[in-house]
Amino acid sequence: MSKVFICDHPLIQHKLTYIRDVNTKTKDFRELVDEVATLMAYEITRNIQLENIQVKTPVATADCRIISGRMLGIIPILRAGLGMVDGILNLIPAAKVGHIGLYRDPETLQPVEYYVKLPTDVQERELIVVDPMLATGGSANLAITALKNRGCVQIKLMCLIAAPEGIEAVQKEHPDIDIYVAAIDDYLNDHGYIIPGLGDAGDRLFGTK
Ligand code: PRP
Ligand code: URA
């Protein structure tokens, strides 16, 4: 069974409070999502592999460690996942970025795929799928399946807010995928919105409502 990590660092929780606030306007919302993505990237890369090297300091030789040649990939689920990409790239500038375009049909709540563009060497990369919201889990499940169908094996999922229903759905369909979230909320309402949540992440990021 996959593990669920709650990134409960005080800075993350503080910023998440303002992300949720209905009075937070687009500019601040975008900046806060970006900052929380950076902080969560710090958590998600905690176990990244290191290798030993020696460097000459001005006075001696030091035994040091650097991130080993392992290659990372960030996979935002469009649109809202885009809001988390730059924040992660702040910490991991060499990562490549692939895009998976999905929208949730408002009637059925089923995800509809409309775009997939991935790095050519995506199978060799350790991937972080990012989306602020894990609601029914349909979008995350479809994105992870799309990656697995293309030969990807090392995949993690990173979301700001998850509903218990979404976590359960991903764990059921992809028990090998670890999930990183800043908060697990109470439930989904009849329209598939996370309660209390933050509303529509894409609309709030891009000012489309
Ligand atoms: C939102 C969100 C997730 C999805 C979560 O995207 O960003 O991708 O819903 O819901 P689920 O877990 O029930 O699938 P939306 O479909 O609204 O598209 P957008 O990002 O383009 O606004
Ligand atoms: N997508 C969102 O943007 N918000 C929700 O609460 C659920 C799905």
Side-chain angles (χ1 to χ4, degrees), residues 2 4 6-7 15-26 28-30 32-34 36-37 40 73-88 97-118 127-149 155-175 177-209:
S2 71
V4 180
I6 300 178
C7 302
K15 290 175 192 297
L16 183 62
T17 300
Y18 290 99
I19 288 173
R20 289 183 188 276
D21 190 336
V22 67
N23 294 312
T24 300
K25 300 284 184 290
T26 301
D28 290 336
F29 186 90
R30 208 178 275 154
L32 286 161
V33 169
D34 183 73
V36 169
M40 289 185 74
I74 306 166
I75 314 290
I77 300 177
L78 308 183
R79 287 177 299 170
L82 285 176
M84 299 171 75
V85 173
D86 285 348
I88 304 173
V97 181
H99 297 86
I100 298 185
L102 305 177
Y103 71 89
R104 213 169 61 145
D105 183 293
E107 301 297 320
T108 64
L109 300 185
Q110 292 305 304
V112 181
E113 185 181 301
Y114 61 87
Y115 186 72
V116 178
K117 183 75 179 176
L118 302 169
L127 303 177
I128 307 173
V129 175
V130 296
D131 192 327
M133 309 307 276
L134 180 62
T136 65
S139 302
N141 272 341
L142 188 58
I144 294 165
T145 299
L147 293 171
K148 286 183 173 175
N149 287 345
I155 306 169
K156 289 175 178 161
L157 174 64
M158 175 170 142
C159 304
L160 296 188
I161 300 180
E165 294 90 330
I167 289 179
E168 196 183 320
V170 174
Q171 286 189 317
K172 190 165 171 209
E173 197 159 321
H174 298 291
I177 302 297
D178 286 342
I179 304 169
Y180 291 74
V181 297
I184 300 176
D185 276 8
D186 298 340
Y187 65 97
L188 290 180
N189 72 10
D190 292 344
H191 304 289
Y193 274 83
I194 300 175
I195 304 297
L198 54 72
D200 188 304
D203 283 344
R204 293 195 65 191
L205 268 170
F206 297 109
T208 42
K209 211 172 217 172

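One-based numbering, in listed order, for ligands and for the atoms of each. By convention here, the first residue in the shown sequence is residue 1.
Residue contacts with ligand 1, taken as heavy atom pairs separated by less than 4.0 Å, involve A135 via backbone and side-chain atoms alike.
For the side chain to side chain contact (heavy atoms under 4.5 Å, CB included) with V130, the lone residue among K156, M40, M158 that qualifies is M158.
Every N/O-N/O distance between D203 and ligand 1 stays at or above 3.5 Å. Remark: ligand 1 and A80 share an N or O pair separated by less than 3.5 Å (distance only, no angle test). The N/O atoms of L134, backbone and side chain alike, include none that comes under 3.5 Å of an N/O atom in ligand 1. Residue R104 places at least one N or O, backbone or side chain, under 3.5 Å from an N or O of ligand 1.
Within the 4.0 Å heavy-atom shell around ligand 1 one finds G137.
Taking the charged nitrogens against the carboxylate oxygens, D203 and R79 do have a contact shorter than 4.0 Å, which makes a salt bridge.
In this structure, E113 contributes its side chain and L142 its backbone to no donor-acceptor pair below 3.5 Å. Of the possible polar contacts, one joining the R204 side chain to the L198 backbone as a donor-acceptor pair under 3.5 Å is found.
Looking only at heavy atoms of the protein, atom 13 (O) of ligand 1 is closest to T136 OG1, 2.5 Å. In this structure, the protein non-hydrogen atom closest to atom 17 (O) of ligand 1 is D200 OD2, 4.1 Å. Nearest protein neighbour of atom 14 (O) of ligand 1, counting heavy atoms only, is S139 OG, 2.6 Å. Considering only non-hydrogen protein atoms, atom 22 (O) of ligand 1 sits nearest to R79 NH2, 2.9 Å. Scanning the protein heavy atoms around atom 5 (C) of ligand 1, the nearest turns out to be M133 O, 3.5 Å. The shortest contact between atom 18 (O) of ligand 1 and any protein heavy atom is with L102 O, 4.1 Å.
Note that atom 1 (C) of ligand 1 has no protein non-hydrogen atoms nearby, at separations under 4.0 angstrom.
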Could you check ligand 2 for N or O atoms lying under 3.5 Å from protein N or O atoms and list the pairs with distances?
from: ligand 2; atom 1: 3 (O); to: A201; atom 2: N; distance (Å): 2.8
from: ligand 2; atom 1: 4 (N); to: G199; atom 2: O; distance (Å): 2.8
from: ligand 2; atom 1: 6 (O); to: I194; atom 2: N; distance (Å): 2.8

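Enclosure of atom NZ in K172 is not indicated, since only 12 or fewer non-hydrogen atoms of other residues, nucleotides or ligands lie within 6.0 angstrom. Within a 6.0 Å sphere centred on CD of E168, other residues, nucleotides and ligands contribute 12 heavy atoms or fewer.
Interface of Y103 with ligand 1, defined as ligand atoms under 4.0 Å from a residue heavy atom, comprises 16 (O).
Rounding to the nearest 0.5 Å gives a distance of 7.5 Å between CD1 of I19 and CD1 of I161. Rounding to the nearest 0.5 angstrom, the gap separating the CD1 atom in I194 from the CG atom in N189 is 10.0 Å. Note that OG1 of T145 and NE2 of H174 are 3.0 Å apart. Values are rounded to the nearest 0.5 Å. Note: I75 CD1 to L157 CG = 12.0 Å, rounded to the nearest 0.5 Å.
Scanning all heavy atoms of the two residues, the minimum distance from A140 to L134 falls at CB-CD1, 3.7 Å. Across every non-hydrogen atom of T26 and L205, the tightest pair is CG2-O, 3.4 Å.
Taking only non-hydrogen atoms, the option from L82, D131, L78 nearest to atom 3 (C) of ligand 1 is D131.
Side chain to side chain, R104 and T136 fail the donor-acceptor criterion of an N or O pair below 3.5 Å.
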